Undergrad: 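Quick one: the structure is below, and I'll ask about it shortly.
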Amino acid sequence: MATGFKIAEPLEYHRSFLKENCRPDGRELSEFRTTTLNVGSISTADGSALVKIGNTTIICGIKAELANPTAEAPGKGYIVPNVDLPPLCSSRFRPGPPGEQAQAASQFIADVIESSEVIKAEDLCVDRGKLCWVLYCDIMCLDYDGNILDACIIALLAALKNTQLPEVTVNKETCSPEVNLEKRQRLHIHKHPASASFCVFDDSILIVDPTAEEESLSTAHLTVVTDEGGRLCSVHKPGGTSLSGQKLQECINRATARQREIHKLIDKVLDSVKTMK
C-alpha cells in the first residue's frame, strides 16, 4: 500500500514523514547521508577524488597544463572547472551538449573557487608574463540522486589536495620550459570550503542533503558555502520561495558544522593514503 501511495501522491507521502520530523529514508531533517571519499583513483590525472553522498557519486580528475598567462593577469595561472551530468548517471539527462543544470553547476563551482580563494591564482604562475599552470578540473557525476553541488565541492577540494605538480624551470638560453616529472610538489591549499545544500518543503520546512525525489518536490533550493574560519563564501539560491533571516541563519550554522566534518574527512583520507605509501 505504501508504495502505491508514494507513486500516486509523492508529495503527500513525503509530508506524512515530515510531520513526524523524519524522512522516507529514516533520516532526521538536518541529517546528511553517509559520505565516503577516495583519492588518487585516476592514475592518468595529476590529482583525483571520488565522493559518494548516499547514492550520489561524483568523480573529479585534475589535469595540469602549461600555458601563457592572460595579458590582464600576467602573474596568475587559472583553474577551469567543468561539471558533466551524462545520461549514464540518470535518465533525466540526455546525450548532447551540457544542459542547464550542468552549466549552472560549473558556474557555481567557478564562483566558489574564486570567492573562497581555495587556491591563489598567483601560486600557479611559473614565469611572470610567460608561463603558468592551468588546472582543468573535470567533475563528472556517475550516479545522480540529488545534492550534486555538495559532492562536487568535496570532490574538487580533495582532488586539489591530492594534486602534485611537476617542477618546471625555464631554460635561460632557449627560453623553453623544462619539466621534471620526478620532482613533484603539492598545491598550496589556502582555504577549505565546504557546502551544505537544503530544500524547502511547503515554503517553511527545511531539510538538508536532499535526494533527487526530495529536490523535485520542494519549493526552493539553497546551498551555503563556508570555510574553516566560519566565513561565508557563497549563498546560492536559484529562485523559489523566500527564506526568513532566522531560517537562513539555521542553514549557515548547519553549513559551518558540515564544513568541520568534511575538513576532518578529507584530512583523514589523505593521511591514510600517505601512510599506505
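Numbers here are sequence positions counted from 1. Just so it is clear, the model here is predicted, and its values are computed rather than measured.
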Undergrad: Using the side chain to side chain contact (heavy atoms under 4.5 Å, CB included) rule, take Leu50 and Leu37 through it: C-alpha gap first, then chi angles, then the decisive distance, then the call.
TA: CA-CA 6 Å; Leu50 175 83; Leu37 169 67; over 6 Å; no
Undergrad: Using modelled atom types and a 3.5 Å cut-off, is there a donor and acceptor pairing between side-chain atoms of Asp202 and backbone atoms of Ser204?
TA: no
Undergrad: Testing Ile119, Ile189, Ile62 one by one against Thr163 for a side chain to side chain contact (heavy atoms under 4.5 Å, CB included), which residue passes?
TA: Ile62
Undergrad: So, do Leu217 and Pro10 sit near enough that their side-chain heavy atoms are less than 4.5 Å apart?
TA: yes
Undergrad: For residues Ser48 and Ser41, determine if any side-chain heavy atom of one lies less than 4.5 Å from a side-chain heavy atom of the other.
TA: yes
Undergrad: Does the structure place the NZ or CZ of Arg254 under 6.0 Å from the centre of the six-membered ring of Phe198, at an angle of no more than 45° from the ring's axis?
TA: no
Undergrad: Determine, stepwise, if the pair Arg184 / Leu181 fulfils side chain to side chain contact (heavy atoms under 4.5 Å, CB included).
TA: CA-CA 7 Å; Arg184 288 178 172 264; Leu181 294 170; 3.7 Å; yes
Undergrad: For residues Pro24 and His14, determine if any side-chain heavy atom of one lies less than 4.5 Å from a side-chain heavy atom of the other.
TA: yes
Undergrad: Is there a path of hydrophobic side-chain contacts, each under 4.5 Å between heavy atoms of I, L, V, M, F, W or Y residues, that connects Val179 with Tyr136?
TA: no
Undergrad: Quick check: are there more than 12 heavy atoms from other residues, nucleotides or ligands sitting under 6.0 Å from CD of Glu100?
TA: no
Undergrad: Which of these passes side chain to side chain donor-acceptor pair (under 3.5 Å) with Asp209: Arg23, Arg258, Arg27?
TA: Arg27
Undergrad: Which pairs count as salt bridge (charged side-chain N to carboxylate O under 4.0 Å, His left out) when at least one residue sits in residues 142-160, sequence neighbours excluded?
TA: Arg33-Asp145
Undergrad: Side chains of Asp111 and His236: is there a donor and an acceptor less than 3.5 Å apart?
TA: no
